[in-house]
Every structure is written in structure tokens, then in C-alpha cells.
Amino acid sequence: MTRNTKLDSTVEFAYGPFAQVLADRYPKVFMTSTPPLPKFRQQSILAVLMLCSLLIWLDNTVLSTTLETLADPIRGLGADPGELQWATGSYTLTFATLMFTAGALGDRFGHRTVFSGGLVVFAGSSLWAAYASDAGQLIAARAVMGVGSALTTPAMLAILMWTFTGPARAAAIGVFSTSAGVGMAAGPVLAGFLLDHFHWGSVFLINVPVAALALAGLAVLVPNFRSPARRPLDPAGMLLSFGGLVALAYGLIRAGQVAAWSRTDVWAPIVTGLVLLAVFVLVELRVEMPGFDPRLLAQRAFGGGNMALGLLLFGVAAITFYNAFYLQGALGFSPMKAGLANIPTALGALAGAPLATRLVRRLSLRLVTVPALIVAALTMGGYGFLGLQTPLVLIEILLLIQGLSIGMVIGPVTATLISTLPLEQAGAGSAVTNTVRQTGGVIGIAVGGTIMSIMYRRAIEPSLEALPGPVRDQALVSAEQARHVATAVHQPALAHAADDAFIHAMHVGAGWIGVIALLGAVVLFATLPTAEKKTAPASKPASLASTT
């Protein structure tokens, strides 16, 4: 099968409505002719890809609803905040560091082969997670699930772009992107239903039959597309980036567990992680075709835009972590009610992306996205005003505005960042953007959870002075553990103190998260162009390299 190899560099474009912006900007590229498959087979392949995408997005959202249950010593694993941070972050760590290698594997061995292997890994690790007997096993299983997701994610869009040609390709990407919105909205509700009626492991167990169905569809319908131009693997970059992020996250999370920054087991991993990440950058600079190209970050708009997205995703990850414990722990919502309460965030994000796309066509990118990022930061800081008696309608309005503003930033900024690069650098740019975003999420969970743990301990300590040692030690771990032991020893005042301490910790943490996200808006304002140049004709895609 012949194919315009310029499209090989686009297989790692991020998903979502901004793919349509790229199709509009590079119509010649998206209309490249490829011998088409029969229409019915194309539609069947699209259905299989949407099922796989829905599976990944569901898994990305169900865990936040499950955190409170996992922290419960009776219904879950009795996990402490640090273990819950790792359960969330281990997935993102492996996902972030394998993304730029997975695309190269697909070029070498075929995208269907890598995709199928990723689904097998994802299903097997989901089964492991479902029956994990302690937090350590769950953390390990989640890390392997991240490996599976990293192998499948680049292959999905690669297969989509091989399957469809001409205007049908842009239309297929638009349909395909709806699976993300469905997953965002349905994930918390599905998790809530399962947690209300079954064992907590059911939120992972449900992945297995869906993955099996997708594997069957891949085997029957999808050719093993393979790029004629093979990208080199980057094992050194993968190991250095993974080791650096693990060490950095460990130090940050450890600080929350011991409530001190001066201990060797806190600062030494942080320093080690920063050194490894610095070495990673140096190594990538010396590689002729790096999986992660740091040179791209030196470009003002691309580097600044990615930094702003990283700071935004930092805030999103941290505030989502807080939200899980606020709704189910402090307010006492059932998992199902908490899942339903989070729907406005998904609906806002779904509405925000296409709204921003239309506005960007009339206004400059900076005029649309900088105010939206400011609003997103303010909604994160707005958690500092939520309490035990806050009406649900106010919480829902806050979540709706938050989702809307976040959706208005991520899509158009990502699309514009990629489109500022020469087409031959689009794949490398997408790898950089995806890695920076995932890294922001990892650090956000680590830092946000650590702030919450430290402030909770400081706030509850005065209420524990008269209690026996074992009770005091358990109550210091987390508000969830404090509520459990309060019930066991018939001390309702301890449960109230835990709620108050958690709310105080959330208020302090939300303030810091809001400030960090606001810093992203400052960076975006300083680095994005005030106005865009008119692009060159689409027949010369190499010249469509910059906005000023």
C-alpha cells in the first residue's frame, strides 16, 4: 500500500475537536489519497477504535470516584493519601514516559500488533487491579495499565488516519473524538453504580470483556498498517524520564507522609529526580531523532504554550484529587451521587472545546484562551470557599464553569502549538505536548496531595491530644481513617474534627493550586502571539510554520 509519508508525522496528534482545526489548516494533508477500504469496513474499524478510546477514557475517570472507597479500611484497602497518590500517579507516569516510544514501535512492528499488545496488557493488569489485596498491588497494577494505555493511544489515531482518506478523514476524527466526551461523562456515573452495588474491584474488572471485544474487532477488521519510514526507539530517554519522574514524585509524596521537607528521604529523591530529568534533556539534545525533542520547547510560543498547559493540567489533577474526598468523604455523598455531581465538569469541557474553536476563528488565540485559563484558575481557587454546608447547586455551577473554561484552553492551544511547527516536526511536537501534559498531572497529584496531607495533620493535631496513642496515630493518617476510628471508639467529635481539618486542608491547597494555574495564564499571555499571520497556501505545508 502506498501512502504520502508526510502523514507519518501526524499519527500522534492529540484527540479532540482541535483535530478539526488541523484539518482546516492543512486540507491538502488531510485529503491525501490512499487506496480506500470498503465503506462498511471503514465504519466498522471506526466503531472498534471508538470502543477502545471509550475504554481508556472510562478508566481515566473511574478512579477518582473510587478513591474514597479505597481509603476505607472496611469497604476498600484502607489506603493512606500517599498510596492513593501513587495509585493515581503510577498510571500517568508510565503513560507519559512510554507515549513517544509507542508510536515508534507501531512504525516498526505494525500499529495493529502494538495496539493488540497494549489491549492485552491493559486487560491483564485490570484483572490484577480488580483483585489487588493491598495498596501496593493496586499501585503496581495501575502502573502496568499505564503501559497498556501508552501502547494503544498512538496506534488508535494512526489506524484512523490510515483507514480514512479525503474529507472522510476529518469527519471520522470528529466522530472519534466524541468517545472522549462520553467517557468523561459516563466514567464517574458508571463507577458510582458499580461501587454502590458491587465490590470496588468491579470498576477495573469491567475493562476485561470490553478489551476482549475490541481485540476480536481488531483481529477481524483492521489491517496491520505500518509506516515505511521507521522512527528509532529511544530506550535511554524512556528510562531517564521514567526514573526522574518516579524519583521526583516519590520525594514530593514522601513529604506529605512525614510532614517535613528537611528529611533525607524527601529532598534526596527530589534532587535525584531533577538531576535525572536534566540528564534526560541533555541526552535527547544529542540524539539525531529524539523521541522527546527539547529543542522545540526553546521556541517561544511552543515552549510557553506547553508550559501553560502543563501548569493547567497540574491544577486539574490536583483539584480532581481533592474533589473525590470532598464529595464522598466530607459531604458523605454515595459514589453514585458523587458521580452524578461531576457530570457538569464533563459537559462543560465538551461545550468549551467547540465554543473556543469558533471564537478563535474570529478573535486571536490569546484573547480567547488567556481569560479562559484565568477563569479555570479561579474556579480551582474557588474550592477554598466550599464547606460542609455549601448548597449542591453552587458546587454544580462551579464544576460547570470549571469544565467549560478548561475545555476552552486545552483544545485550541494544543492545535495551535502543533500547527506552528513545520509538518515534518508535528509528530515530535505532539510527543512533547503529550509528555508535558501528563507530567503536569503527575506532579499535580504529588504536590496537591502532599499539601493536603500536611495541612490536615496540622489542623487535627490539637483535637487528638486526649486520645489513646493508637487512635491518635490512625486519625493522623487521613480524614477517612479518622472517621473510621471515630465510629469504632464511639467518638463522634473526632469525626467532626476530621471533617473540619480536611476542609481547612482543602482550602489551603486550593489556594496554592489556583495560584499555580494562574501562573499558567501569565505564561500564556506572555508567549502567545497578539495576532496571527495569514497562513501560506495549503499546497505548501512546509511554510505553515509559525504564528507571531
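Please read all numbers here as calculations on a predicted model, not as lab measurements. Positions are given from 1, in the same order as the sequence printed here.
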I would like to know whether Val62 and Ile206 meet side chain to side chain contact (heavy atoms under 4.5 Å, CB included); could you show each step before the answer? CA-CA 11 Å; Val62 296; Ile206 197 171; over 6 Å; no

Taking the side chain as C-beta and beyond, is there a heavy-atom pair between Arg295 and Leu285 under 4.5 Å? yes

Taking it one step at a time, do Leu240 and Leu277 satisfy side chain to side chain contact (heavy atoms under 4.5 Å, CB included)? CA-CA 7 Å; Leu240 285 169; Leu277 291 175; over 6 Å; no

Keeping Asn306 on the side-chain end and Phe302 on the backbone end, is there a donor-acceptor pair under 3.5 Å? yes

Quick one: does Glu68's side chain get under 4.5 Å of Phe333's, heavy atoms only? no

Here the pair of heavy atoms bringing Ala317 nearest to Ile445 is CB-CG1, 3.8 Å

Heavy atoms only: give me the nearest Ala475-Leu464 pair and the separation to one decimal. CB-CD2, 3.8 Å

Any chance you could measure Ile56, atom CD1, to Met156, atom CE, to the nearest 0.5 Å? 5.5 Å

Test Ile139 against Tyr91 for side chain to side chain contact (heavy atoms under 4.5 Å, CB included), laying out the working first. CA-CA 8 Å; Ile139 292 167; Tyr91 174 93; over 6 Å; no

Do any N or O atoms from the side chain of Gln85 and from the backbone of Ala446 form a donor-acceptor pair under 3.5 angstrom? yes

Would you check if the side chain of Tyr326 reaches a backbone N or O of Phe321 as a donor-acceptor pair within less than 3.5 Å? no

If we only count heavy atoms from C-beta on, is the Leu518 to Val522 side-chain gap below 4.5 Å? no

Output for pair (Leu312 CG, Met307 CE), nearest 0.5 Å, gives 14.0 Å

Is there a donor-acceptor pair under 3.5 Å between the side chain of Ser125 and the backbone N or O of Phe122? yes

When you check the side-chain N and O atoms of Tyr456 and Ser478, is any donor under 3.5 Å from an acceptor? no

My understanding is that only one of Val203, Thr320, Thr88, Leu84 makes a side chain to side chain contact (heavy atoms under 4.5 Å, CB included) with Leu63; could you say which? Thr88

Taking all non-hydrogen atoms of both residues into account, name the closest pair between Ala71 and Glu480 and its distance. CB-CG, 3.7 Å

Return the CZ to CG distance between Arg458 and Leu476, rounded to the nearest 0.5 Å. 13.0 Å

Steps toward side chain to side chain contact (heavy atoms under 4.5 Å, CB included) verdict (Thr390, Ile395): CA-CA 7 Å; Thr390 302; Ile395 299 172; 3.9 Å; yes

Student check: side-chain heavy atoms of Leu98 and Phe242 closer than 4.5 Å: no

Quick one, Ile343 and Leu340 - any side-chain contact, counting heavy atoms below 4.5 Å? yes

Side-chain contact, heavy-atom cut-off 4.5 Å: Trp267 with Ser262? no

Going by the angle between their ring planes, with limits at 30° and 60°, are Tyr250 and Trp86 parallel, tilted or perpendicular? tilted

Please determine whether a side-chain nitrogen of the Lys or Arg among Arg483 and Asp72 lies less than 4.0 Å from a carboxylate oxygen of the Asp or Glu. no

Is the backbone of Thr65 close enough, under 3.5 Å, to the side chain of Gln328 for a donor and an acceptor to pair up by distance? yes

With rounding to the nearest 0.5 angstrom, report the CZ to CZ distance, Arg437 to Phe95. 9.5 Å

When you measure from the side chain of Arg472 to the backbone of Leu467, do you find a donor-acceptor pair of N or O atoms at a distance under 3.5 Å? yes

So, do Leu119 and Cys52 sit near enough that their side-chain heavy atoms are less than 4.5 Å apart? yes

Which heavy-atom pair separates Met145 from Ala129 by the least distance, and what is that distance? SD-CB, 4.2 Å

Expected output: side-chain Arg366 to main-chain Ala526 donor-acceptor under 3.5 Å: no

Determine whether a donor-acceptor pair (N or O, by modelled atom type, separation under 3.5 Å) exists between the side chain of Ser202 and the backbone of Leu205. no

When rounded to the nearest 0.5 angstrom, what distance separates OG in Ser463 from CG in Asp500? 8.0 Å

Can you give me the closest heavy-atom contact between Gly187 and Thr61, atom names plus distance? CA-OG1, 3.2 Å

Do Leu194 and Trp200 come within less than 4.5 Å of each other through their side chains, counting heavy atoms only? no

Keeping His507 on the side-chain end and Leu386 on the backbone end, is there a donor-acceptor pair under 3.5 Å? yes

So, does Gln137 use its side chain to make a donor-acceptor pair with the main chain of Trp128 at under 3.5 Å? no

Any chance you could measure Leu127, atom CG, to Asn207, atom CG, to the nearest 0.5 Å? 10.0 Å

Shortest non-hydrogen contact between Ala341 and Leu327, atoms and distance: CB-CD1, 4.2 Å

